[in-house]
Amino acid sequence: MYAFSVLEDMPLLPPGKNWRKKHMNKKIRPRIFSVLLAVMLVSMVAVSAVSAQGITGTPTAGSGEPALVIGDSMDVLVAGATSVSDMQASGITEPEELNIPKGIIRYDLVTFDHAALSKQVQSVLPLRIHGKEYQAELHRMDFEQIDDGIDSYEGTIAGVDGSDVLLTTGKNVLVGSVTLGNETFWITPVESRARAEKETSPLHVIYSSQDIENLDRSVVIDYGTLTPPEGYTSTDGSEGLESSTIGLRDQYATVTLLVVTDNQFYQDQSNWKAVAQDIVAEANRQFDRDDIMVALSVMAYTDSRRTQLSSQSDILSNPVAAFERVYPNSDLDLWASDLALYVGGYDADGSAQGLSYGYYPANHRHAWAQMVPDDLWYQGTTHGRRCVSIHELGHLFDTGHQDLDQNRTTPSYRRACQWFDPLPKISVTYSFFNEAMSTTEFSSDNYHGDADHDNARRIRETKWTVANYHS
């Protein structure tokens with residue numbers, strides 16, 4: 001089983017009381033990884049109910065003007081907030097109830113006219129970044145087998161090399177990111193379901209990658225492969241299956257996916273499905289690379305068993321085992337799903353932020369990723385959620401950490417990698433997560449990686465086995 005957080009790579013024990021005792025009953029303080037980044041706190045003035053259309057000039061420190069304006073109908077309720085008191089002073093009721101990501105030291109509290117925004121996303125989306133006007137050129141992504149009114153769009157800022165935009169929209173919700181230069185802006189809803197249902201336009205926050213504290217801290221994702229229960233086929237026993245698909249490795253494989261949640265995340269989010277879709281959208285961009293060629297196709301986002309899942313006795317000690325019990329492989333087959341991802345609303349015991357058994361063909365097809373902060377350094381940001389989820393999905397295709405698993409010696413090239421750009425960066429299957437260092441990409445001999453650090457190759461070799469899981 002795999003777990004996503006920031007210590008060294010350690011093997012997980014099988015499910016049971018010993019596994020829980022050693023790894024899940026207490027939080028482990030992670031080793032700190034220096035990133036050589038500094039965050040400057042700036043004093044900002046809160047403003048109340050200012051329309052984006054009325055904001056002019058170039059924002060400066062202390063001006064209270066938002067660094068990012070999306071579309072023509074974004075309303076800024078509080079700009080440059082640094083505390084709950086800033087929101088209270090601007091008339092926001094019970095701001096302590098909002099799900100502001102942990103560690104965000106400055107953010108703008110905003111609302112959108114979602115009907116107008118939806119139309120602009122489908123044509124030309126105006127952006128204002130640090131006072132300068134841009135346009136985002138986007139196209140709709142198509143990776144679902146459902147029509148739920150939630151859509152994802154990806155693209156770039158016109159005329160700006162290296163820019164990136166990924167937005168997921170739905171009724172009264174916007175989730176995503178806008179990257180320009182070395183700065184990424186993150187957009188996320190922050191109200192609970194009950195609170196948002198009372199609003200015509202629910203609250204969102206926009207924050208910058210430069211306004212996240214503890215950028216030099218890391219947290220463990222997982223500890224390595226968990227030995228599965230007796231009777232399960234080992235990874236090495238799948239070599240015959242992999243060799244039979246050699247001629248298909250340069251063709252696209254469609255892997256179907258079921259996404260579920262628990263009662264806590266369902267209640268805490270105004271629209272948990274949009275949050276989950278943002279994750280799958282980014283996962284698709286990474287699996288879709290030319291040297292991998294996997295299309296993740298969502299069959300359903302379901303919360304139909306959220307109460308049953310939440311009531312499992314081991315939901316905190318071993319969430320992946322609880323998940324597999326409530327949604328067994330036979331039910332994944334009914335959903336025509338090869339794999340299943342559980343986006344969890346509980347802070348599980350231990351330091352791990354994600355878990356999966358890894359690549360045991362047809363027997364283990366489940367992964368869990370924690371969506372909420374823990375009491376260490378995991379902040380539950382949009383970026384963190386993407387990284388942890390993609391990390392665990394990658395393990396289901398037999399990707400490895402930066403070091404070889406203690407109970408696995410082959411293939412050696414399935415490892416994550418580190419590079420400098422110019423500061424340290426790590427690929428998504430590193431055993432730890434760091435807000436500034438971590439990326440969502442797999443290691444590859446074609447971009448970041450080499451012949452000994454090539455997650456992409458391993459996914460390419462296993463993808464057809466995974467794509468044929470459901471019966």
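Computation of the quantities below employed the complete heavy-atom set of this structure, encompassing side-chain atoms and omitting hydrogens, waters and symmetry-equivalent molecules. Keep in mind that what you see is a predicted model, and the values were worked out from it rather than measured.
With hydrogens and angles disregarded, a donor-acceptor distance shorter than 3.5 Å links the side chain of Lys102 to the backbone of Asp374. For Thr256 (side chain) and Asp338 (main-chain N/O), a donor-acceptor pair under 3.5 Å exists by modelled atom type. Without hydrogens or angle criteria, Ser337 side chain to Leu339 main chain gives no donor-acceptor distance under 3.5 Å.
Note on ring orientation: taking the six-membered ring where Trp is involved, the planes of His366 and Phe323 are perpendicular (angle over 60°, cut-offs 30° and 60°). Relative ring orientation between Phe287 and Phe442 is described as perpendicular, the plane-to-plane angle rising above 60° on a 0-90° scale split at 30° and 60°.
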Run the side-chain hydrogen bond (donor to acceptor under 3.5 Å, both in side chains) test on Ser438 and Asn434 for me, step by step, so that the C-alpha distance in whole Å, both residues' side-chain angles and the decisive distance to 0.1 Å come before the verdict. CA-CA 5 Å; Ser438 294; Asn434 177 285; 5.6 Å; no

Taking it one step at a time, do Val294 and Ile459 satisfy side chain to side chain contact (heavy atoms under 4.5 Å, CB included)? CA-CA 8 Å; Val294 169; Ile459 299 173; 4.1 Å; yes

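Side chains of Glu183 and His130: a donor on one and an acceptor on the other come within 3.5 Å. For the residue pair Tyr413/Asn455, the side-chain donor-acceptor check at 3.5 Å is not satisfied. In this structure, a donor-acceptor pair under 3.5 Å is absent between the side chains of Ser192 and Gln267. Between Ser427 and Ser443, the side chains place no donor N or O within less than 3.5 Å of an acceptor N or O (distance only, hydrogens not considered). With 3.5 Å as the limit, one finds no donor-acceptor pair spanning the side chains of Thr462 and Asp398. Using a 3.5 Å distance cut-off with no hydrogens or angles, the side chains of Tyr346 and Ser310 do pair a donor with an acceptor. One side chain, Gln145 or Ser297, offers a donor N or O that lies under 3.5 Å from an acceptor on the other. Using a 3.5 Å distance cut-off with no hydrogens or angles, the side chains of His395 and His364 do not pair a donor with an acceptor.
What you find for Ile146 and Met299 is that their closest heavy atoms are CG2-O, 3.3 Å. Residue Ala348 comes nearest to Gln370 through the heavy atom pair N-OE1, 3.1 Å, listed as atom of the first residue, atom of the second, then distance. When every heavy atom of Val259 is checked against every heavy atom of Ala276, the shortest pair comes out as CG1-CB, 3.9 Å. Contact detail for Ala467 and Ala253: the closest heavy-atom pair is CB-CB, 4.3 Å.
We find the OH-CH2 distance between Tyr252 and Trp464 to be 11.5 Å, quoted to the nearest 0.5 Å. For the atom pair CG of Leu174 and OG1 of Thr168, the computed distance is 8.0 Å after rounding to the nearest 0.5 Å.
Residue pairs meeting the side chain to side chain donor-acceptor pair (under 3.5 Å) criterion with at least one member in residues 268-277, sequence neighbours excluded: Ser152-Gln277, Gln264-Asp268, Trp272-Asp303, Gln277-Tyr301.
Ion pairing between Arg305 and Asp331 holds under the 4.0 Å rule for side-chain N and carboxylate O. Salt-bridge annotation for Arg217 and Glu435: absent, with no side-chain N of the basic residue lying under 4.0 Å from a carboxylate O of the acidic one. Salt-bridge annotation for Asp290 and Arg460: absent, with no side-chain N of the basic residue lying under 4.0 Å from a carboxylate O of the acidic one. Looking at Arg365 and Asp333, a side-chain N of the basic residue comes within less than 4.0 Å of a carboxylate O on the acidic one, giving a salt bridge. A salt bridge does not link Arg306 to Asp262: none of the charged nitrogens lies less than 4.0 Å from a carboxylate oxygen.
With sequence neighbours excluded, no residue satisfies side-chain hydrogen bond (donor to acceptor under 3.5 Å, both in side chains) with Asn99.
Partner of Thr440 under the side chain to side chain donor-acceptor pair (under 3.5 Å) criterion, out of Gln286, Arg285, Arg386: Gln286 alone. A side-chain contact (heavy atoms from CB on, under 4.5 Å) with Arg106 is found for exactly one of Ile212, Asp86, Asp211, namely Asp211. Exactly one of Ile157, Leu125, Val165 qualifies for a side-chain contact (heavy atoms from CB on, under 4.5 Å) with Tyr134. That residue is Ile157.
Between Tyr327 and Tyr342, the ring center distance fails the sub-6.0 Å criterion.
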